[in-house]
Amino acid sequence: MTHIVREVEKPGSKLHKKETCEAVTVIETPPMVVVGVVGYVKTPRGLRSLNTVWAQHLSEELRRRFYKNWCKSKKKAFTKYSKQYETEDGKNIQAQLEKIKKYATVVRVLAHTQIRKMKGLKQKKAHLMEIQVNGGTIAQKVDFAYGFFEKQIPIDAVFQKDEMIDIIGVTKGKGYEGVVTRWGVTRLPRKTHRGLRKVACIGAWHPARVSFTVARAGQNGYHHRTEMNKKVYKIGKAGQESHTALTEFDRTEKDITPMGGFPHYGLSLLKQTSRVALEDIKLKFIDTSSKFGHGRFQTTQEKQKFYGRLKAARRRQIPGLFKVHCIVPSPSQELRPSFPFRSFFRSSIHNDDEHPKQSIHSLFLTQFTSLSLSLSLSLSLSFSGLLPKMTEPSKVIHVRNVGHEISENDLLQLFQPFGVITKLVMLRAKNQALLQMQDIPSAISALQFYTNVQPSIRGRNVYVQFSSHQELTTVDQNAQGRGDEPNRILLVTIHHMLYPITVEVLHQVFSPYGFVEKIVTFQKSAGFQALIQYQSRQSAISARTSLQGRNIYDGCCQLDIQFSNLDELQVNYNNERSRDFTNPSLPSEQKGRSSQPGYGDAGSVYALQAGGARAVAFPQMANAAAIAAAFGGGLPPGISGTNDRCTVLVSNLNPDKIDEDKLFNLFSLYGNIMRIKLLRNKPDHALVEMGDGFQAELAVHFLKGAAVFGKRLEVNFSKHPSITQGADTHDYMNSNLNRFNRNAAKNYRYCCSPTKMIHLSSLPQEVTEEEIAKHLEEHGPIVNTKVFEVNGKKQALVLFENEEQATEALVCKHASSLAGSVIRISFSQLQEM
């Protein structure tokens with residue numbers, strides 16, 4: 001139990017637009033799982049069970065419910081039953097379901113709690129209950145229940161914010177107590193014989209019985225009580241901002257759980273139309289101070305700042321735990337839950353006026369052993385929708401909580417195991433993405449898998465659901481293609497291209513399906529694309545059928561093939577971008593734009609290497625020769641070489657310790673720096689403009705997640721093409737500290753992620769290891785130092801305990817003066833000295 005501060009929205013009331021403090025209760029409610037369906041028939045003596053059908057896979061926590069001693073048992077419950085799904089394609093199971101459809105009059109589903117998702121509880125045995133299904137015919141009810149087998153039902157599929165609920169609970173048990181404590185009877189005078197905490201007279205001689213109105217000693221507490229009209233103020237999920245105690249007015253980062261945990265618990269549901277029920281609740285403050293004692297601190301950081309360094313207990317957090325909490329006004333003092341306590345919550349949600357009779361009355365139960373707390377939720381949902389409220393299945397998947405550190409390749413790797421991904425749209429401004437699968441079954445299988453497994457990318461939980469769009473349409477991808485109308489010219493888009501794709505590679509891939517007449521490659525906003533013309537339409541159809549969604553190389557270079565709307569390809573040159581296999585005498589194009597009009601400028605896509613070596617993709621790079629010399633025939637893993645955005649957005653900086661020069665020292669490892677700007681409105685954000693898109697891609701790839709000054713950097717491409725000159729902008733375009741103005745190939749070769757070892761050059765000849773260690777020791781303990789000489793110039797290696805210390809030393813001491821010399825620092829790729 002805690003309290004909140006909110007602004008009252010009651011026009012006409014004296015409290016309107018004024019703040020009020022109210023007591024609330026927070027409940028943790030993990031999702032439940034449907035594992036069976038049972039049918040009942042009506043008899044003169046009431047309902048009789050007809051048949052029960054269980055799911056194929058039952059969790060261990062549920063099977064524990066059927067044993068008194070799980071450890072000593074053989075653990076064979078439902079092992080034979082589950083084999084019925086495998087024999088004869090589950091005909092026996094279907095026969096049982098048909099029997100329920102034919103004879104049953106009442107259908108209920110069997111659902112169990114997930115007790116293991118409650119932290120700090122010793123109990124491992126789940127609770128099983130029946131949930132009645134109403135609305136529709138018996139066959140529809142059975143199909144509805146069977147469709148939810150082994151699926152989770154979260155609390156937000158049942159409750160919503162600002163709903164009115166009922167609480168059916170059991171008061172705190174006091175045991176056997178006397179009349180003074182139990183009924184508040186006045187004590188007798190001090191000298192009363194045989195005790196004074198009694199009732200003086202329990203009634204007349206006749207009638208010869210004690211009336212029920214006379215106070216008597218007996219059991220006090222542990223009584224059934226019902227309170228109505230409690231309002232749900234907030235519903236949140238673990239891993240999202242809604243789970244924290246953040247409000248629009250209080251932006252302190254603190255968890256919903258008060259400091260020290262909850263000493264008591266309590267909650268429940270009923271919908272009304274009264275003025276109180278319809279009031280819009282806007283929380284201003286949620287108290288998270290300790291409920292043990294006076295509770296003066298809201299967060300542990302605030303407490304540590306006041307008391308100093310303490311040996312505080314570290315609470316373990318289970319990764320991927322799906323927690324949901326509801327906040328409702330607290331019940332009265334008599335109903336306050338305590339130790340031991342059991343509370344049952346009954347809820348009822350009325351359906352829309354269009355279907356007043358179609359509802360599902362449900363009962364959920366979650367019991368806490370150590371707290372002796374069990375929560376039972378009875379709810380009502382419309383039969384026309386699924387129990388978890390989901391949109392209509394679609395090929396398009398909506399992904400939320402996509403941070404700036406998550407790239408398109410990360411999303412592709414998350415969903416590629418479920419089928420071919422045809423389109424991907426990143427909505428950076430909203431931290432969202434839209435991803436289109438090849439067909440609806442692939443999308444359904446992906447969502448079914450991630451319903452039970454929390455998807456996570458780079459340590460961030462992402463949330464997936466069906467999109468309201470049935471198809472994604474983009475101008476770039478549809479400009480050259482006509483969809484499914486057969487044609488002998490194919491439009492091929494290559495996604496996740498980690499290795500260069502040439503005309504020869506495409507000819508080798510597509511020639512087994514027929515004679516390839518012409519190939520034209522070009523670069524568009526949708527990615528690297530090619531037009532391939534076959535001699536016959538049947539060859540094009542066969543190639544598309546066989547190669548759609550396949551990868552040219554293992555794990556990358558995925559083919560997305562459409563029929564083009566062009567009737568004939570015109571090829572004027574035979575070179576690395578286009579080829580006419582019917583006319584080998586065409587000249588080779590040395591410079592200029594692509595021979596095919598409207599395909600964009602593909603002239604800078606590839607940089608040629610001497611000696612007939614294989615081309616490597618370096619788009620729009622002025623120093624392509626240096627890149628080719630540094631990386632040879634291929635780029636580092638994860639570098640596509642197709643990026644053309646030069647500006648990088650850096651976030652989660654430490655504004656107290658970082659400045660433009662320190663950012664220059666860090667990012668200059670991966671390319672020349674043009675301008676750097678610290679954002680005035682967001683002190684922990686900065687914009688860095690690199691020399692070209694390839695250098696920006698190196699910086700994003702190697703520095704994403706790097707730790708500097710106690711913060712992990714989030715590095716992503718910016719939507720701004722460049723940084724405009726201004727008062728807050730630092731210009732480094734003409735700085736002689738830019739490393740890539742000379743020896744660019746060597747500097748490209750040394751690009752790597754931050755390591756524990758740094759390399760120092762341009763040292764004075766008389767420098768010693770002690771002087772170097774003294775110069776760098778303020779940034780962390782130095783494990784080892786080694787000074788050596790290369791070509792008559794002094795250099796050194798310094799090993800720190802971790803990467804963060806080495807990064808801070810580089811950021812602060814690069815281009816600093818040591819014994820009169822300006823030293824240069826970079827990361828070393830060596831593992832040991």
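Among the candidates N431, L434, L411, L435, the single residue satisfying the side-chain contact (heavy atoms from CB on, under 4.5 Å) test with M426 is L411.
Distance alone, capped at 3.5 Å, places no donor-acceptor pair between the H730 side chain and the I676 backbone. In this structure, the side chain of S718 does not engage the main chain of L649 through any donor-acceptor pair within 3.5 Å. Not a single donor-acceptor pair under 3.5 Å links the side chain of N738 to the backbone N or O of F740. In this structure, R400 contributes its side chain and Q432 its backbone to no donor-acceptor pair below 3.5 Å. Remark: the backbone N or O of K254 is not paired with any side-chain donor or acceptor of T252 at under 3.5 angstrom. Proximity of a side-chain donor or acceptor of Q454 to a complementary backbone N or O of V462 within less than 3.5 Å is detected. With T422 contributing its side chain and Q436 its backbone, the two residues share a donor-acceptor pair below 3.5 Å.
Applying the salt bridge (charged side-chain N to carboxylate O under 4.0 Å, His left out) rule to E504 yields the partners R579; only residues at least two apart in sequence or on another chain are considered. In this structure Y450 satisfies the side-chain hydrogen bond (donor to acceptor under 3.5 Å, both in side chains) test with no other residue, sequence neighbours excluded. Annotation: ring pair (Phe, Tyr, Trp, His ring centres under 6.0 Å) contacts of Y670 (sequence neighbours excluded): F702. Looking at residues two or more places apart in sequence or on another chain, you find no side-chain hydrogen bond (donor to acceptor under 3.5 Å, both in side chains) involving N665. In this structure D659 satisfies the side-chain hydrogen bond (donor to acceptor under 3.5 Å, both in side chains) test with no other residue, sequence neighbours excluded.
If you check the side chains of S816 and H775, you find a donor sitting under 3.5 Å from an acceptor. Residues T247 and D250 bring no donor and acceptor atom of their side chains to less than 3.5 Å of each other.
Within the structure, the salt bridge (Lys or Arg N to Asp or Glu O under 4.0 Å) test picks out the following pairs touching residues 660-679 (sequence neighbours left out): R675-E689, R675-D731.
Side-chain atoms of E697 and F717, non-hydrogen and from C-beta on, do get closer than 4.5 Å to each other.
Residue I823 comes nearest to L818 through the heavy atom pair CG2-CB, 3.9 Å, listed as atom of the first residue, atom of the second, then distance. Minimum heavy-atom separation, E714 to R460: OE2-NH2, 4.2 Å. In plain terms, the two heavy atoms of C751 and Q829 that are nearest each other are O-NE2, 3.5 Å. Considering all non-hydrogen atoms of both residues, S826 and L669 come closest at CB-CD2, 3.7 Å.
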